[in-house]
Amino acid sequence: MQIVEDLHVARVQKRMALSVVQTYGELTSMEIDLPEQDLSISAEAFTSGLNILVVIDTNIMISHLEFVRSLKSEDIPGVGRLALIIPWVVLQELDNLKKGKMLQHVRDKAIPAVQFIYTCLKNQDSKLWGQSMQLASQKTYGLSDENNDDRVLQCCLQYQNLFPQAVVILCTDDKNLCNKAIVSEVKAFCKADLVTALQNLNVNRHQNCVELQQSKCGAEFKKTERGDDSLTAQFPNVLPDLEKNLGEALSCILETEMKIAFGNLWMEVILYLKPPWTLANLLKCYKKHWMAVFGYVVPRSLLSTIECLYKHLCTDKTVDSSTVGILLQESKKLLHAFSSRSDYNGVLPQAYAEVNKLYQTLTEVKSDSEQDLSEDTMVLSENAVCEKMEAITPNLQNREEKKSHPSFHVAQESRHQEIWSVLEAVWNTINLYSIEIFQKLDPNAVTLTAKSSFEEAFLGLQKLLAAVNDIHEGISRILTPTSSFQDIWTLYNFLISNEISNSIKFTAEELYECVSQEMYRERLEVGCCQLAQLEHTIKQCHASVHTEAKNRGWL
């Protein structure tokens, strides 16, 4: 136990801090295949019964090498096939420990451990894998590169995403790392408890498989089963990739918006769940802070999207092909909404592109298997906006019949004027509100005794910025040369989801017909420029006010 304690202290004091891209010896100088590129591992290994991945920490390799050897080479009664995973940071630590650079008294135990791993990797032993430097370089859910515990945990989370068919277990005698893993929803056990845990786990998995098989036999979904059979091979890749890209984007957005809203106190005092985050914990944070933070950045109605993603991605519910399509669409919608706020240092556009690529891939596969993804999505969708879109999508035949009446054009122009008057009222309201907020936040007008009124005005500024972003994004979509009826929904959803919704007496179809007229498009172009200028002014005000508040010790 002394070695375990010494290794833990060395990590905490950062005496074992190592650059991710640096090699330190024979292990880290080896060429390690990326598992996500080795399709034979992901496809053949799990169909042949491999269903458990055990991630081995440095203290286990040092103190219990014989146990690791037997774990790799011998069958454990009641346990299926398993493989051992050695994180990149463990390889780095062992290389350094072998040289005596970190803990001199551990050197003699590190040498055989290094030799054992080296032999396995050189022989491409299918039961011992090494995490590659390339994979270790990919950040996951806000984990720190400088904290070796976080890097071990990051390895666990990455293999959970890469191989969702398997159970990933961390084996470490470091109690602090065990606790951290469990909080992050990674199974973790010390050496003494691992074998029993594996046996219990296998029994539970067997029972669950039997129950699942019985329930499937009792169900009659012949048509959808034919379609899903051809897609089964796609799901192990689509869902993990979705979770990975969604998690990285939401992690960046969460940190950015919480810092903007609460300054340096965002993590110490305010944050519901602290990093490292799993996707489940991220979505919990979004639900917890939605009304106070994210609801001012994107439409509040998107909370239903967060709940939908949590329900299907973070529970044990079975996900079929149609639900996967819905989850990809909901993810695209959520990321697109945040993109009107910022690109979040380039993270958001990249994540959106990857999710969109997954959606296109799934659509193509479903098309090849003669399944209509859009029909399945319509049947299963729980999204009210989508249902509303389906209900009021223009009926071309009815529109042509209406246009045959002599009074149609006169009534239509009058209706357009009514709709435009609502848009003008929205602009006037935003303009007046912005003037009022700017006056309240004038540094010369804010006294030291007016902290409460300042906080109220500052919150109002954030709300104003979110509103201007939404309406600016909506108009910009309409003004694109290739815009269609679907592009009206960003603006229309903004109008019906805010306080002005009581004055909205027109449909999305009527709004689209209005802004499609050349006269109103020209007016929209002028309004779009004015909104862009106002958005720039609000951002400048936000930056200066935030600095002033920090100087006064209010943030």
Side-chain angles (χ1 to χ4, degrees), residues 138-142 157 160-162 164 231 234-257 277-287 289-290 294-295 297-315 317-366 373-374 376-378 380-387 389 470 473 477 486 489-490 493:
Q138 299 175 13
K139 290 189 176 181
T140 305
Y141 305 153
L157 294 171
Q160 279 184 341
N161 287 328
L162 287 170
L231 295 169
Q234 297 290 328
F235 290 155
N237 298 323
V238 172
L239 281 179
D241 287 350
L242 171 61
E243 292 173 2
K244 173 181 178 292
N245 288 288
L246 192 60
E248 290 175 351
L250 293 182
S251 174
C252 183
I253 294 169
L254 175 66
E255 183 172 346
T256 301
E257 296 301 336
W277 296 301
T278 61
L279 181 59
N281 284 348
L282 276 170
L283 293 173
K284 288 178 183 177
C285 285
Y286 274 79
K287 290 198 290 184
H289 301 293
W290 189 260
F294 304 106
V297 177
V298 295
R300 292 189 174 184
S301 59
L302 285 175
L303 178 59
S304 62
T305 293
I306 296 291
E307 292 172 341
C308 174
L309 292 172
Y310 183 84
K311 175 182 177 182
H312 292 287
L313 292 178
C314 305
T315 62
K317 288 181 176 291
T318 302
V319 180
D320 59 20
S321 62
S322 298
T323 306
V324 172
I326 294 171
L327 295 176
L328 288 168
Q329 286 183 317
E330 292 296 302
S331 299
K332 286 175 59 181
K333 181 170 67 174
L334 182 65
L335 296 177
H336 183 269
F338 277 108
S339 70
S340 65
R341 163 79 156 179
S342 168
D343 69 351
Y344 298 93
N345 296 321
V347 173
L348 196 55
Q350 182 178 354
Y352 183 88
E354 291 298 323
V355 173
N356 189 53
K357 188 186 301 181
L358 292 173
Y359 179 73
Q360 295 299 330
T361 301
L362 185 67
T363 303
E364 291 171 5
V365 174
K366 290 222 66 169
L373 179 63
S374 61
D376 290 342
T377 302
M378 285 295 182
L380 294 176
S381 176
E382 300 171 0
N383 187 291
V385 175
C386 289
E387 292 172 1
M389 288 172 63
D470 283 346
E473 167 69 13
R477 278 176 162 270
Q486 301 302 323
W489 285 98
T490 301
N493 285 336

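Nothing here was measured: the structure is a model prediction, and the numbers come from that model. Values reported hereafter were calculated over all heavy atoms of this structure, with side chains retained and with hydrogens, waters and symmetry mates removed. Numbers for residues simply follow the sequence, beginning at 1.
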| query | Which residue, L303, L334, L309, I253, forms the side-chain contact (heavy atoms from CB on, under 4.5 Å) with Y286? | reply |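 In the set L303, L334, L309, I253, the residue that makes a side-chain contact (heavy atoms from CB on, under 4.5 Å) with Y286 is I253.
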Look up atom [atom1] in [X] and atom [atom2] in [Y], then write down how far apart they are to the nearest 0.5 Å.
X: Q350; Y: N345; atom1: CD; atom2: CG; value: 12.0 Å
X: K333; Y: C308; atom1: NZ; atom2: SG; value: 8.5 Å
X: H336; Y: N356; atom1: NE2; atom2: CG; value: 10.5 Å
X: T305; Y: Q329; atom1: OG1; atom2: CD; value: 11.0 Å
X: L335; Y: N245; atom1: CG; atom2: CG; value: 9.0 Å
X: E307; Y: C314; atom1: CD; atom2: SG; value: 12.5 Å

| request: Give the C-alpha distance, both sets of side-chain angles, the deciding distance and a yes or no for side-chain contact (heavy atoms from CB on, under 4.5 Å) between V238 and T361. | output: CA-CA 9 Å; V238 172; T361 301; 5.7 Å; no
For [X] versus [Y], what's the shortest heavy-atom pair and its separation?
X: G247; Y: L282; result: O-CD1, 3.4 Å
X: K332; Y: Y352; result: O-CE1, 3.4 Å
X: V347; Y: A249; result: CG1-CA, 3.9 Å
X: W290; Y: P299; result: CZ2-O, 3.6 Å

| message | Between L250 and L254, is the side-chain contact (heavy atoms from CB on, under 4.5 Å) condition met? List the steps. | response | CA-CA 6 Å; L250 293 182; L254 175 66; 6.0 Å; no
| task | Would you please test L313 and L246 for side-chain contact (heavy atoms from CB on, under 4.5 Å) and show each step? | result | CA-CA 11 Å; L313 292 178; L246 192 60; 4.2 Å; yes
| field | Note, S342 side chain near T256 side chain (heavy atom, < 4.5 Å) | value |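 Sidechains of T256 and S342: no contact.
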| query | Tell me, do V298 and R341 make a side-chain contact under 4.5 Å, heavy atoms counted? | reply |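 The answer is no; the side chains never approach within 4.5 Å.
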| task | Carefully, step by step, assess E257 and Y344 under the rule side chain to side chain donor-acceptor pair (under 3.5 Å). | result | CA-CA 10 Å; E257 296 301 336; Y344 298 93; 2.5 Å; yes
| said: Pair V324, L358 - check side-chain contact (heavy atoms from CB on, under 4.5 Å), show working. | reply: CA-CA 10 Å; V324 172; L358 292 173; over 6 Å; no
| task | Quick one: which residue pairs count as a salt bridge (charged side-chain N to carboxylate O under 4.0 Å, His left out) with a foot in residues 343-354, not counting sequence neighbours? | result |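 Found E354-K357.
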| query | Is K287 positioned over the aromatic face of Y310, cation under 6.0 angstrom from the ring centre and no more than 45 degrees off axis? | reply |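 Geometry flag: set, cation within 6.0 Å and 45°.
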| Salt bridge between E248 and K244, side-chain N to carboxylate O under 4.0 Å? |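 So E248 pairs with K244 through a salt bridge.
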| request: Answer yes if the side chains of E473 and T490 hold a donor-acceptor pair under 3.5 Å, and no otherwise. | output: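 On atom types as modelled, these side chains do not qualify, holding no pair under 3.5 Å.
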